Amino acid sequence: MVVFAGQGDARRSLSLLWRAEVAAPPRTGPGPKPRLTVDAIVAAAVAVADEEGMAALSMRAVGDRLGRTAMALYTHVPGKSELLDLMYDAVHSELPTAYPESDDWRAPLTAWAGEVLELYVRHPWVLQVSQARPVLGPHEYANLDTLVRLLGATGLAAGTVRRLVGTLFPLVQGLARTVADARRAATATGSSDEEWWAARSAALTELVPDFAERFPAVIRLEREAAPEPYEAGAGQDGMPYPEREARETFRVGLGVLLDGIEAARAGRP
C-alpha cells in the first residue's frame, strides 16, 4: 500500500509541522483529563503504526490508545492526512544531524546511511509513504540538509550532489524494505522461509528441468558467489538468513557507490 503525503489542507498541515500555529486548548469541566497535545497524539499514532501497521491507523485507534474519543483529537489535528505528515516528520527527529569532523568523507556518509536504514526498520510503515510528494517538515529537511552537507565534503559539483541525494535515499529505502519484509514474512504468510523455499525449490526442479540451460548467468553467479550455507532459523548472529543477506547487500552496494564517488572526485570515468 502506497500512501501519498500532503493530502490535507496545505496551510494547516504546514502550520502543524512547523508548530507555527498552536491550537487553543479545549474547554474542560470539573476534574478534566490531562490536556491533549499535538505531540502526544503523534506519539500515539506512531505507536499504533509501529505495532499494527499502516492499515490499522485511524483517528479512532489513536484516540483509543490515548483514552479519548476520535472527536477529541480533531481539535488538535484536522484529520488522518495531516496526522500522517506529522508522524512521518516526527520519526525523522530520531536521526543525527551532526557527525564528527574528519578528512574521511566516507565514514560519515556510511554512518548516515546506516542510521537511516535502522530508522526505516524501526518504523517500516514509513516506507509506504511515497517520495513523489515530500512532507516538507522540519525534521525531514534536517535529514536532507545533513546529507547534502556530508556529500558537499566530497567536493563534487552541486549538480552531481543533487543526483547523489536522489540515488542514496532509494538505495537505503530499498534495502530497508527488504529487511523489514524479511522480519514479517513468516508471521504474515504463516510459513517460514525454510518451508517456503523447500516447497518451491522442489516444484521448480520438477516443473522446469532445463532451468540451468535457460538461465546460465544466474546459475553461474550462484556457483561463483554463493552465500553462506542456508540453515534453518537464525544464524550465529541471531539474524534470520534473508535479513542477513539484505544487510550484506546494503554494505556492499553502499561501498561500491562510495567507490564511484571517489572515482568521480578523482576525475576518472
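Keep in mind it's a predicted model, so treat the numbers as computed, not measured. Along the sequence shown, residues are numbered consecutively beginning with 1.
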Just do the side chain to side chain contact (heavy atoms under 4.5 Å, CB included) check on Trp125 and Val3 with the steps written out, would you? CA-CA 10 Å; Trp125 55 269; Val3 179; over 6 Å; no

Polar contact flag, side-chain donor to acceptor under 3.5 angstrom, Asn143-His92: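 Their side chains do not contain a donor-acceptor pair, so the 3.5 Å distance test is not met.
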
Residue pair [X] / [Y]: nearest heavy atoms and the distance that separates them:
X	Y	answer
Ala40	Leu66	O-CD2, 4.0 Å
Arg68	Ala72	CB-CB, 4.1 Å
Met87	Ala49	CE-CB, 3.8 Å
Ala61	Val48	O-CG2, 4.2 Å
Ala186	Ser192	CB-CA, 4.3 Å
Ala113	Val172	O-CG1, 3.9 Å

Side-chain ([X]) to main-chain ([Y]) donor-acceptor, under 3.5 angstrom:
X	Y	value
Glu140	Val135	yes
Glu82	Asp9	yes
Glu224	Glu222	no
Ser93	Ala90	yes

In this structure, would [X] and [Y] fall into the same cluster of hydrophobic residues linked by side-chain contacts under 4.5 Å?
X	Y	value
Phe211	Trp197	no
Met71	Val77	yes
Leu127	Val165	yes
Met1	Met59	yes
Leu204	Leu207	yes

Report the C-alpha distance between Ile261 and Leu164 in whole Å, list the side-chain angles of each, state the deciding distance to 0.1 Å, and finish with yes or no for side chain to side chain contact (heavy atoms under 4.5 Å, CB included). CA-CA 9 Å; Ile261 293 176; Leu164 284 171; 4.0 Å; yes

I need the [X] [atom1] to [Y] [atom2] distance, nearest 0.5 Å.
X	Y	atom1	atom2	result
Glu262	Trp105	CD	CH2	5.0 Å
Arg12	Leu17	CZ	CG	10.5 Å
Arg35	Thr37	CZ	OG1	7.0 Å
Leu16	Ile41	CG	CD1	9.5 Å
Leu168	Gln173	CG	CD	10.5 Å
Ser13	Leu136	OG	CG	10.0 Å

Could you list the cluster mates of Val2? Members are the ILVMFWY residues connected by side-chain heavy atoms closer than 4.5 Å, either directly or through other members. Phe4

Any heavy-atom pair between the side chains of [Y] and [X] that's under 4.5 Å?
X	Y	answer
Tyr141	Leu144	yes
Arg247	Leu117	yes
Arg177	Asp181	yes
Asp89	Pro138	yes
Arg106	Asp259	yes
Glu52	Leu57	no
Leu257	Thr167	yes
Arg183	Val121	yes

Surrounding CZ of Arg122 (heavy atoms of other residues, nucleotides or ligands, distance under 6.0 Å), is the total greater than 12?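 Enclosed.
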
Check whether more than 12 heavy atoms from other residues, nucleotides or ligands sit under 6.0 Å from atom CD of Glu101, and answer yes or no.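 No, the 6.0 Å shell around CD holds no more than 12 heavy atoms from other groups.
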
Quick one: are the ring centres of Phe169 and Trp112 less than 6.0 Å apart? yes

Determine, stepwise, if the pair His123 / Glu94 fulfils side chain to side chain donor-acceptor pair (under 3.5 Å). CA-CA 11 Å; His123 307 291; Glu94 300 172 18; 2.8 Å; yes

Using the side chain to side chain contact (heavy atoms under 4.5 Å, CB included) rule, take Asp85 and Gln7 through it: C-alpha gap first, then chi angles, then the decisive distance, then the call. CA-CA 9 Å; Asp85 291 354; Gln7 295 191 72; over 6 Å; no

Determine, stepwise, if the pair Val179 / Phe250 fulfils side chain to side chain contact (heavy atoms under 4.5 Å, CB included). CA-CA 10 Å; Val179 171; Phe250 173 74; over 6 Å; no

Mind listing the side-chain donor-acceptor pairs of residues 147-158 below 3.5 Å, one per line with the distance, residues two or more places apart or on another chain?
from: Arg149; atom 1: NE; to: Asp145; atom 2: OD2; distance (Å): 3.3
from: Arg149; atom 1: NH2; to: Thr97; atom 2: O; distance (Å): 2.7
from: Arg149; atom 1: NH2; to: Thr146; atom 2: OG1; distance (Å): 3.4
from: Thr154; atom 1: OG1; to: Leu151; atom 2: O; distance (Å): 2.5
from: Thr154; atom 1: OG1; to: Leu156; atom 2: N; distance (Å): 3.3

Can you tell me which residue pairs pass the ring-ring contact (aromatic ring centres under 6.0 Å, His included) test with a partner in residues 42-74, sequence neighbours excluded? none

Please determine whether a side-chain nitrogen of the Lys or Arg among Glu195 and Arg200 lies less than 4.0 Å from a carboxylate oxygen of the Asp or Glu.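 Answer for the salt bridge query: no.
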
